> 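One structure follows; several queries about it will come next.
A note on names: the letters A, B, ... follow the listed sequences, proteins ahead of strands, and every chain is numbered from 1. Just so it is clear, the structure is predicted and the values come from calculations on it, not from any experiment.
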Amino acid sequence: CDVLHPQGFDSFGLPAENYAIKTGTHPKETTAQNIENYIRQMKSLGFGYDFGEKIITSSPEYYKWTQWLFTQFFEHGLVYKKTASANWCDSCKTVLANEQVVDGKCERCKNEVTQKEVPGWFFKITDFADGLIEGLKGVDWPEHTKKNQINWIGKSEGALIKFPISSSQFSIEVFTTRPDTLFGAMYMALAPEHEMVSNLKKQITNWDEVEKYVNDTKKKTERERVENKEKTGVELKGIRAINPANNEEIPVFIADYVLAHYGTGAIMAVPAHDERDWKFAAKFNLPKPPVVEPYFVKNGGEDGVRDDKQTIEREAITAIVKHWTEDKYIVLKWKKVDWHTFITGGVENGQTPEEAARAEVLEETGYKDIKNASELSRFHSKFFHVPKDENRLAHFHTFYFELGSGEREIVSTDEQKHHEVLWLMPEETVKVLTPPGHLYVWNELKNGTSAYLGEGILANSEKFDGMGSEEAKKAITDFVGGTMTNTYRLRDWSISRQRYWGAPIPVVYDSNGSPHIVPEKYLPWLLPEDVDFVPTGTAPLAKSEELKKRTEEIFGKGWTPETDTMDTFVCSSWYYLRYPNPHNENMFCSGERLRRWLPVDLYIGGAEHTYMHLLYARFFTRAMRKIGLIDFDEPFLKLRHQGMVLDKNGVKMSKSKGNVVNPDEITERFGADAVRLYMMFAGPLDEDVMWNENGIVGTYRFLEKVWRLSQMCADSAGRKTETLLHKTIKKVEGDIEELKFNTAISAMMIFVNTAEKEGITQKQYEAFLKLLAPFAPHMTEELWCELGYVASIHLEKFPIADPAHSKDEERVIAVQIDGKTRDTFTVPQDADDKAIEEMAVSREMVKKWLNGKTISRIIVAKGKIVSIVTER
RNA sequence: GCCUAGGUGGCGGAAUGGUAUACGCGAAGGUCUCAAAAACCUUUGAGCGCAAGCUCAUGGGAGUUCAAAUCUCCCCCUAGGCACCA
């Protein structure tokens with residue numbers, strides 16, 4: 001079949017620009033030189049690309065279409081302008097990428113970096129969030145890559161709820177995934193950047209403190225806010241919010257753990273059911289009342305809920321009882337069922353739960369001297385009560401009792417029939433306890449109360465008490481007039497860069513400052529060349545007289561050009577659509593060629609592209625389909641990752657570390673084929689490869705053996721060689737299909753080692769050379785020529801494995817006795833399980849090991865293993 | 001802190017429920033040689049044993065199974081990524 005295996009150069013970007021700044025050479029020139037060198041090196045390694053079809057993203061021929069796509073997106077409402085916070089160096093007057101910020105300082109001038117609102121163009125990738133999640137179902141990608149993208153997009157289902165600010169006309173909207181916990185909201189927290197902070201300035205009585213906190217936050221990079229473990233914040237004194245569920249006033253804080261760009265930039269804080277809110281509330285002495293009580297449903301097992309049985313709902317108690325002198329606790333071991341529990345029982349009419357608990361302790365264990373009593377958290381539980389033969393939905397009150405002495409009454413024989421009273425140490429208790437609810441209260445007793453994050457049954461929530469979390473989410477949202485909605489952690493894609501070496505954004509501004517796209521007939525909107533690209537604090541393109549003149553000549557006096565360039569990820573988000581038709585001057589790609597070649601069948605790239613490139617490319621594909629430019633949703637049907645090459649200390653190779661290997665030098669020493677083989681042999685494709693020159697010696701020797709083998713071809717050879725040849729063809733073919741080049745090479749090494757010993761015919765040797773040809777293209781071509789062929793070996797068909805030849809006459813059977821391999825023997829290939837079993841038990845070795853034991857079971861597995869199990 | 005992927009000889013790795021350590025590197029001994037290099041042959045997980053062979057070993061601990069590097073749970077460590085996601 002036809003394969004399009006193209007190669008291109010993503011040549012815009014910061015590294016090229018930095019290199020140009022350093023050397024004073026225009027990036028256009030260095031880029032051209034580098035491309036030429038790369039192509040030469042790739043050719044010397046025998047890479048079979050068609051370099052006539054190459055793409056260079058920094059060429060006007062290509063970026064014309066990058067710009068054209070921008071204008072298409074613009075016209076279809078997928079582009080907009082807004083300000084967003086970015087790392088800003090006030091000394092360089094420039095935006096910095098996270099990696100250019102070192103310890104909160106600019107890597108170039110060491111000036112302190114602050115967060116600044118910077119205007120820029122954005123692509124509406126969030127419009128496609130659901131599709132980007134759904135689309136992953138239909139593609140053959142590594143599971144972990146899919147998982148990572150889904151987590152990155154981060155869909156949360158929740159509600160928008162408004163909290164009025166008392167004695168003002170304002171209200172603040174929050175997004176929450178847990179509207180069921182609204183009655184437990186004890187404070188609100190706003191991102192320090194939240195617009196309401198300045199709106200409410202007049203009413204805030206501690207403005208100085210608030211302003212200082214806002215300014216301090218600006219000094220933190222988002223990363224520092226993330227890594228800060230201690231929760232900080234400042235209360236907005238003089239401001240109170242009203243919890244719309246119960247109309248109670250709660251304090252309002254600003255806190256940097258709340259991020260402006262997620263949700264609404266404001267949260268309702270429920271200390272009892274969120275870990276961060278719990279910590280924050282603890283620090284600021286705020287109450288933490290629980291409003292959701294844990295609910296455990298037991299499914300499966302002896303005590304799992306059974307659909308065919310009736311369910312009895314009742315109030316219940318459970319009690320943890322501590323020994324009067326030792327650190328031991330009462331656990332009941334049940335007799336009719338495999339249960340270990342604390343003391344449990346029902347609450348009778350007229351009893352308080354505590355009375356019921358005390359009575360139950362007395363009844364079941366006889367102990368009566370309860371010295372200290374305290375109440376623990378409530379929980380709910382649904383399970384099948386084996387002794388009572390019915391499902392139970394029990395609402396538990398839990399108590400902790402400390403005994404004062406061992407004073408005890410006699411326990412009725414009836415109770416004794418049900419369970420045995422054990423006194424257990426804490427570590428034993430944890431091990432044996434059956435009900436999850438009991439483990440939960442035990443944890444609370446031992447480790448103190450903490451935030452309960454799960455769902456459950458509502459309490460302290462007025463008329464919603466007793467409702468399940470799931471149902472309550474909608475009910476409470478409706479009750480306060482909120483709306484159910486989804487939020488994503490994915491943010492819109494900022495594509496503006498204040499740099500020189502990128503595709504100019506094809507936008508001009510009229511004299512009022514309103515943006516207009518550059519019409520198609522003026523594309524490519526060329527990157528001006530009369531620009532000093534050394535950074536001076538103004539955007540490089542703003543310094544171009546030519547660009548200014550061009551804009552005025554075309555659009556009129558007073559019109560000005562956009563001076564930002566595009567993020568290079570824009571260029572790389574659609575290049576695969578250009579590959580089938582790279583020189584088309586009328587379209588980004590003809591419809592015919594799109595249908596012929598796309599989507600991409602197999603895409604190989606590093607795992608580091610999971611969140612950016614791969615997501616952006618998928619967004620582009622979906623956006624272009626929406627516009628009607630293409631007719632598929634997913635650009636890459638099958639994706640596999642390749643690993644990085646590390647130096648021998650396991651460090652990523654990079655120019656800045658000076659640990660890179662020059663392919664020219666290494667090819668000179670070992671030859672391209674040995675280097676290629678080593679790279680493939682060193683490990684699985686998707687794992688990193690440690691560069692170790694000693695390893696190349698191995699593949700070099702292998703190639704020498706292959707060469708020598710050409711002198712050893714005879715008229716006939718052992719049957720072994722023929723069998724192995726067909727096995728090897730099958731193995732190599734399958735491994736290539738699965739991209740397991742390391743094991744394919746291993747199989748070929750085994751073949752050569754065997755052929756050396758067993759002999760080889762010319763026909764077998766020729767078949768082997770064809771197998772090796774894709775791996776070692778140069779040497780196999782040479783040998784092919786020496787054999788007298790005129791046409792290239794690379795035009796030959798791949799050998800076909802003959803199943804009739806790839807089967808051995810015999811196979812080896814292993815015998816395991818009680819799980820240990822004790823003997824092996826060979827049987828004819830066609831032996832059946834019955835015969836194998838009979839042979840196994842008649843073996844001397846097997847008889848010896850079976851000496852005096854009775855066989856209870858014999859398993860013949862996959863015609864390979866006989867497993868004999870004796871009675872124990 | 002969170003997400004993802006890993007942890008197998010001296011080293012790179014093989015085996016995805018069925019004889020652990022394929023293949024390669026390195027190392028030791030030998031053949032050839034005046035010598036060396038190259039090449040070739042033998043050995044090479046640990047321990048015990050004259051040997052046949054036995055015991056132990058896939059980060060640690062528990063479990064499921066006739067059988068676990070492989071499946072389940074807990075813990076430890078390493079790498080990569082990260083935007084405290086309400």
Side-chain angles (χ1 to χ4, degrees), chain A residues 98 142-148 150-152 154-156 158 174-178 181 185 189 221-223 225-229 231 255-259 261-270 273-277 279-280 431 487-491 606-608 610-612 641 643-644 646 648 650 652 677-678 681-684 686-699 701-702 704-705 708 740 742-750 753 756 812-824 845 848 856-870:
Chain A
N98 274 340
E143 281 308 313
H144 69 265
T145 308
K146 291 188 188 183
K147 237 187 246 173
N148 272 328
I150 290 168
N151 291 344
W152 183 265
K155 181 176 183 168
S156 320
V174 303
F175 173 76
T176 176
T177 52
R178 293 298 300 274
T181 63
T221 61
E222 199 160 297
R223 195 61 184 277
R225 281 165 72 164
V226 170
E227 280 170 1
N228 185 8
K229 283 182 192 159
K231 303 297 167 222
D256 63 10
Y257 79 90
V258 181
L259 299 177
H261 54 69
Y262 185 79
T264 62
I267 62 164
M268 65 177 216
V270 184
H273 304 293
D274 183 282
E275 267 170 17
R276 289 154 308 164
D277 299 347
K279 279 189 202 161
F280 192 93
K431 255 191 201 161
T487 290
Y488 305 84
R489 51 187 266 153
L490 180 68
R491 311 202 285 249
E608 69 273 17
T610 300
Y611 305 116
M612 309 288 254
H641 297 304
M644 290 181 292
L646 312 177
K648 59 173 179 281
K652 185 175 166 176
L677 278 170
Y678 168 66
F681 183 59
D686 60 351
E687 281 176 32
D688 294 345
V689 169
M690 289 244 228
W691 183 259
N692 182 356
E693 271 178 27
N694 292 336
I696 305 179
V697 173
T699 52
R701 284 181 193 155
F702 166 65
E704 283 186 319
K705 284 187 193 179
R708 277 203 304 267
K740 287 161 74 174
N742 54 336
T743 49
I745 291 166
S746 161
M748 290 189 282
M749 285 171 166
I750 293 170
N753 291 342
E756 273 187 331
V812 179
I813 306 293
V815 187
Q816 292 181 346
I817 297 169
D818 290 332
K820 285 192 189 288
T821 305
R822 296 301 186 188
D823 193 17
T824 57
M845 208 51 192
K848 193 183 118 191
S856 66
R857 220 177 135 190
I858 299 184
I859 298 149
V860 182
K862 299 176 185 172
K864 253 170 108 175
I865 301 270
V866 180
S867 186
I868 302 175
V869 189
T870 63

> Just how far, in rounded Å, is C1' of B:rU4 from CG of A:N148?
5 Å
> Is there a side-chain polar atom (N or O) of A:R276 under 4.0 Å from OP1 or OP2 of B:rG1?
no
> In the strands shown, is B:rA35 matched to any nucleotide by a Watson-Crick or G-U wobble pair with both distances under 3.5 Å, and which?
none
> With respect to the phosphate group of B:rA86, does any side-chain polar atom (N or O) of A:S156 fall under 4.0 Å of OP1 or OP2?
yes
> Below the 4.0 Å mark, does B:rC85 have OP1 or OP2 next to a side-chain nitrogen or oxygen of A:R178?
no
> Considering heavy-atom distances to RNA chain B, does A:N694 or A:E756 have its closest nucleotide positioned more toward the 5' end?
A:N694
> Strictly below 4.0 Å: does A:R489 bring a side-chain N or O up to OP1 or OP2 of B:rC82?
no
> Just to confirm, is there a sub-4.0 Å distance from OP1 or OP2 of B:rA15 to any side-chain nitrogen or oxygen of A:K740?
yes
> Taking the side chain of A:L259 as its heavy atoms from C-beta onward, which of B:rG18, B:rG12, B:rA83 lies nearest to it?
B:rA83
> Nearest whole angstrom, please: distance from the P of B:rA39 to the CG of A:N753.
13 Å
> Among B:rA83, B:rG26, B:rU19, find the nucleotide with the atom closest to the side chain of A:T824.
B:rU19
> Taking syn as any angle within 90 degrees of 0 and anti as the rest, which one fits B:rG45?
anti
> At less than 4.0 Å, is any side-chain N or O atom of A:R701 found next to OP1 or OP2 of B:rC25? Yes or no.
yes
> Give none if B:rG1 has no partner; otherwise give the nucleotide forming a Watson-Crick or G-U wobble pair with it, both distances under 3.5 Å.
B:rC82
> Please check: side-chain N/O of A:D277 versus main-chain N/O of A:V270, any donor-acceptor pairing under 3.5 Å?
yes
> Before accepting this row, confirm whether a basic side-chain N of the pair A:K146/A:E143 lies closer than 4.0 Å to the acidic partner's carboxylate O.
yes
> Can you say whether a donor on the side chain of A:E687 sits under 3.5 Å from an acceptor on the base of B:rG6, or the other way round?
no
> Counting heavy atoms from C-beta on, name the nucleotide in B:rA5, B:rA14, B:rC85 closest to the side chain of A:K147.
B:rA5
> Ignoring the backbone of A:R708, work out which of B:rA86, B:rA39, B:rC82 is nearest its side chain.
B:rA39
> Return the nearest nucleotide to the side chain of A:H144; candidates are B:rA5, B:rG18, B:rC23.
B:rA5
